[in-house]
Amino acid sequence: MSSLQPVRGTHDLLPEDSRRHRRVEELAFEIAGRYGFGEISTPIFEFTEVFSRTLGETSDVVTKEMYSFTDRSGDGLTLRPEGTAGVARAFISGGLAQQLPLKLFYRGPMFRHERPQKGRLRQFHQIGVELLGVEGPQADIEVMALAAHILDALGLGGAATLELNSLGDGDSREAYRLALVAYLSGQRDRLSKDSLERLERNPLRVLDSKDEGDKAVVAEAPLLTDYLNDASRTFFQEVLDGLAALGVAHRVNPRLVRGLDYYCHTAFEFTTTLLGAQGTILAGGRYDGLIAQMGGPATPGIGWAAGIERLSMLLAESPAALRPLAVIPMNRATDALCLCQRLRRAGFTADLGYSGNLKKRLARANRVNARAAIILGDEEWDREAVAVRDLDSGIQEEVLLASLEERLAKFR
RNA sequence: GCGGGUGUAGCUCAGUUGGUUAGAGCGCCAGGUUGUGGUCCUGGAUGUCGCCGGUUCGAACCCGGUCACUCGCCCCA
């Protein structure tokens, strides 16, 4: 084993892995396009404030998990840990408030300095969407329908469950927070050590605890749903009705929460039981307060993100590579090179082995799953022809160079 | 940051209570005559047994440390 290690939590994507990733990205992008989403690419690093300013109270915890550094100019920069903040920054700095509503799709690497786990790396990749400038529940419905559509198209519809909840508007949320803190404070002796800390720092997170004792406490806790005011309740009901009308399967989970202040109304996750503790494969929510909090014009927004690694682990099989035509010279190396290029320019996938006799080259053709072999034998060449061997059937025939592309069409 | 498990060939793994030359399957390479693959047969190469130190006459095996991977906790923007 070599001593040359990749950085902890980073992975190389070899061609087969890349095909899986691209399958996820491209399918998602294509379907998002049908919903009117256009692609945005923001830089993979930003000034650290772009991320830290959005994080509020929990920031010192989160800061420890960011890849932050000072560059040669002395600027504090951070590799993006997620996609929304960069999009929001682009929205503000690019003056995109003129173009609302905006529907944006993004994909690319994200970075978090965490302990790696299954489907959880330090450099990982996400796809995501943001829909900015729509206050009504239609946005929530559309964004979740899109997510369900993509998972379905990837063949993961059966493996994923949509759970959602409403955090309500600011008033509802605050009312609930007070009620929850009051309740939990009376249960201190039953809470785990972790949850006692959560109670101080981020009480809603107690609802997410995996501790059995905490779960028992949480089971009797007041429900967020009961603290929604009329406007929030109506909003949530419209979201649920819309999902039902579209036939998007879902389940209300009254304990599903988001930690940060700018979240409101809809919070949702698609989860699976197939990935151990890392069961969330796509998550999102409404963040009407975010852009204002970052210093932009108050703009409602909703979006989601999904980890490509987790999605691609769930794909039943990797997409196959293209099947090339294997061009095999007996002697005429230069002619083979030219012929290979001619085929590529004509739109074929063509592979030219680099060395070896006919036997070796055919073996290589097999290895790359070639559809057919084009063999340049001297005798055929003198007749301005080549031998074309169908590698699936084994049938071989002589084809005149003049009609080569036409005769190879069936192998395309 | 914390805890459990695991590091032996390119890959998946075996390796008896410590005992001398470290194994299998797959893959790879070569051959089974000249210009025909997948199947089959034969042969071959490959390891600092993760790394460092300790115990021992002797360590892949025991002990300590370290690094990495992995599963989980914390966190999940």
Side-chain angles (χ1 to χ4, degrees), chain A residues 1-11 14 46 50-66 78 80-88 110-121 124 126 128 192-195 197-198 201-202 205 208-211 214 257-263 267 269 275-280 283-285 287 290 293-294 303-305 307 310 326 328-332 353 356-381 386-396:
Chain A
M1 187 176 293
S2 165
S3 61
L4 205 49
Q5 301 275 356
V7 173
R8 170 172 233 184
T10 65
H11 273 12
L14 300 179
E46 300 273 355
V50 169
F51 305 111
S52 62
R53 201 190 293 182
T54 62
L55 296 171
E57 300 172 19
T58 57
S59 64
D60 44 75
V61 179
V62 169
T63 299
K64 288 176 186 158
E65 298 182 350
M66 296 202 299
T78 294
R80 61 182 185 191
E82 52 100 26
T84 305
V87 171
M110 307 290 166
F111 305 84
R112 297 181 187 180
H113 190 101
E114 300 179 298
R115 191 74 175 260
Q117 286 177 49
K118 190 184 195 67
R120 180 181 195 174
L121 301 171
F124 58 104
Q126 286 188 331
S192 67
K193 187 167 122 307
D194 287 332
S195 281
E197 282 178 34
R198 293 184 183 111
R201 204 178 63 235
N202 200 347
R205 276 281 156 204
D208 263 353
S209 176
K210 290 175 185 170
D211 181 88
D214 291 344
V257 292
R258 283 287 114 90
L260 301 180
D261 294 339
Y262 52 76
Y263 284 110
E269 295 182 355
L275 291 177
Q278 306 302 315
T280 302
Y287 49 84
L290 173 66
Q293 184 172 328
M294 289 178 73
W304 54 254
R310 292 188 193 174
I328 301 179
M330 297 307 309
N331 291 302
R332 309 184 155 274
N357 57 25
L358 179 57
K359 185 173 181 171
K360 278 192 199 169
R361 287 174 190 260
L362 278 168
R364 176 186 158 83
N366 261 353
R367 253 197 326 273
V368 299
N369 195 27
R371 182 65 187 83
I374 317 294
I375 302 166
L376 281 68
D378 293 336
E379 292 172 23
E380 291 92 333
W381 196 257
V386 290
V388 175
R389 183 177 184 83
D390 181 326
L391 291 173
D392 288 346
S393 67
I395 294 169
Q396 182 167 323

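Everything numeric in this text was worked out from a predicted model, so none of it was measured. Letters A, B, ... are given to chains in the order of the sequence lines, protein chains preceding strands, and every chain is numbered from 1.
Side-chain to base pairing of Q117(A) with U70(B): no donor and acceptor N or O lie closer than 3.5 Å to each other. Side chain E380(A) to base G35(B): a donor-acceptor pair is found below 3.5 Å.
Using a 4.0 Å cut-off, no side-chain N or O of R120(A) falls inside it from OP1 or OP2 of C71(B). At the phosphate of C73(B), neither OP1 nor OP2 sits under 4.0 Å from any side-chain N or O atom of R198(A). Look at K359(A) and you won't find any side-chain N or O under 4.0 angstrom from OP1 or OP2 of A30(B). Applying the 4.0 Å criterion to OP1 and OP2 of C71(B), one finds that K118(A) has a side-chain N or O inside that range. The phosphate of C76(B) (OP1 or OP2) has a side-chain N or O of R205(A) nearer than 4.0 angstrom.
Of the candidate nucleotides G35(B), C76(B), G37(B), G37(B) has the atom lying nearest to any side-chain atom of N366(A). Looking at the side chain of L362(A), the nearest of the listed nucleotides G37(B), A30(B), C28(B) is G37(B). Closest to the side chain of L260(A), from the set A77(B), G35(B), G37(B), is A77(B). Of the candidates G72(B), C29(B), C75(B), G72(B) carries the atom nearest the A277(A) side chain, counting heavy atoms from C-beta on. In this structure, the nucleotide among U36(B), C73(B), A77(B) sitting nearest to the side chain of E65(A) is A77(B). When each of G37(B), C74(B), C75(B) is scored by its nearest atom to the side-chain atoms of E114(A), the top-ranked nucleotide is C75(B).
For the pair D392(A)/R371(A), a side-chain contact is recorded, criterion being any heavy-atom separation below 4.5 Å from C-beta on. Contact of the T54(A) side chain with the L260(A) side chain is not registered, since no non-hydrogen atoms from C-beta on lie closer than 4.5 Å. A 4.5 Å side-chain heavy-atom check between K118(A) and R310(A) finds every atom pair outside the cut-off. Within the 4.5 Å cutoff, the side chain of E65(A) has no heavy atoms near those of the P81(A) side chain. At least one side-chain heavy atom of R198(A) sits under 4.5 Å from a side-chain heavy atom of D214(A). Counting heavy atoms from C-beta outward, R115(A) and R120(A) have side chains that stay 4.5 Å or more apart.
Contacts of Y263(A) with the nucleic acid, taken as non-hydrogen atoms under 4.0 Å apart, involve only primed sugar atoms and P, OP1 or OP2. Within 4.0 Å of R361(A), counting heavy atoms only, lies no atom of the nucleic acid at all. Base contact: G377(A) has a heavy atom under 4.0 Å from a base atom. Contacts of E197(A) with the nucleic acid, taken as non-hydrogen atoms under 4.0 Å apart, are absent. Among the atoms of the strands shown, none is found under 4.0 Å from any heavy atom of Q278(A). The residue D378(A) sits close to a base: some heavy atom pair falls under 4.0 Å. Heavy atoms of Y287(A) sit nowhere under 4.0 angstrom from any nucleic acid atom. Residue contacts for E82(A): at a heavy-atom cut-off of 4.0 Å it reaches the sugar-phosphate backbone alone, with no base atom in range. Across all strands shown, I375(A) has heavy atoms under 4.0 Å from base atoms, whether or not it also approaches the sugar-phosphate. Within 4.0 Å (heavy atoms only), N331(A) reaches no atom of the nucleic acid at all.
In this structure, L362(A) CG and K360(A) NZ are separated by 13.0 Å, a value rounded to the nearest 0.5 Å. Q126(A) CD to T84(A) OG1: the interatomic distance, rounded to the nearest 0.5 Å, is 8.0 Å. The distance from the CG atom of L391(A) to the CD atom of Q396(A) is 9.0 Å, given to the nearest 0.5 Å. Residue M110(A) holds its CE atom at 14.0 Å from CG of L121(A), rounded to the nearest 0.5 Å. For the atom pair R258(A) CZ and E269(A) CD, the distance stands at 5.0 Å (nearest 0.5 Å).
One P atom belongs to C67(B), the other to C51(B), and the distance between them is 15 Å to the nearest Å. Going from the P atom of G54(B) to that of A14(B) covers 30 Å, rounded to whole Å. Nucleotides A9(B) and U48(B) have their C1' atoms positioned 13 Å apart, rounded to a whole Å. Spacing between U55(B) and C63(B) at atom C1', rounded to whole Å, works out to 7 Å. Annotation: C74(B) and G23(B) have their P atoms spaced 47 Å apart (nearest Å). Taking the C1' atom of each, A22(B) and C13(B) are spaced 14 Å apart, rounded to whole Å. The gap from the P atom of G27(B) to that of C76(B) amounts to 48 Å, rounded to the nearest Å. With P as the reference atom, C69(B) and C29(B) are 31 Å apart, rounded to whole Å.
Straight-line distance from the CZ atom of R258(A) to the C1' atom of C75(B): 13 Å, rounded to whole Å. A straight line from CZ of R310(A) to P of C71(B) spans 11 Å, rounded to a whole angstrom. Atom-to-atom, CZ of R371(A) to C1' of G37(B) comes out at 14 Å; the value is rounded to the nearest Å. Protein atom CZ of R364(A) is 17 Å distant from nucleotide atom P of G37(B), rounded to whole Å. As a whole-Å value, the separation of M330(A) CE from G37(B) P is 12 Å. E269(A) has its CD atom 14 Å from the P atom of C75(B), to the nearest Å. As rounded to whole Å, 14 Å separates atom C1' of G35(B) from atom CZ of R332(A). Taking atom CZ of R112(A) as the reference point, atom P of G1(B) lies 18 Å away to the nearest angstrom.
If you check A45(B) for Watson-Crick or wobble pairing at under 3.5 angstrom, you find it has no partner at all. The partner of U56(B) cannot be assigned: no Watson-Crick or G-U wobble pair with both contacts below 3.5 Å exists in any strand. With both pairing distances under 3.5 Å, A9(B) is matched to nothing as a Watson-Crick or G-U wobble pair. Checking C73(B) for Watson-Crick or G-U wobble geometry (two distances, each under 3.5 Å) identifies G1(B) as its partner. Base pairing analysis places C40(B) opposite G32(B); the two distances defining the Watson-Crick or G-U wobble pair are each below 3.5 Å. The partner of U16(B) is absent, by the rule that a Watson-Crick or G-U pair needs both atom distances under 3.5 Å.
Where G119(A) and D208(A) each meet RNA chain B at their nearest nucleotide, the meeting point lying more 5' is that of G119(A).
Checked by atom type, the side-chain pair S192(A)/D211(A) shows no donor-acceptor distance below 3.5 Å.
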What nitrogen or oxygen pairs link the protein and nucleotides 67-69 of chain B at under 3.5 Å?
unit_1 : atom_1 : unit_2 : atom_2 : d
C69(B) : OP2    : R8(A)  : NE     : 2.9

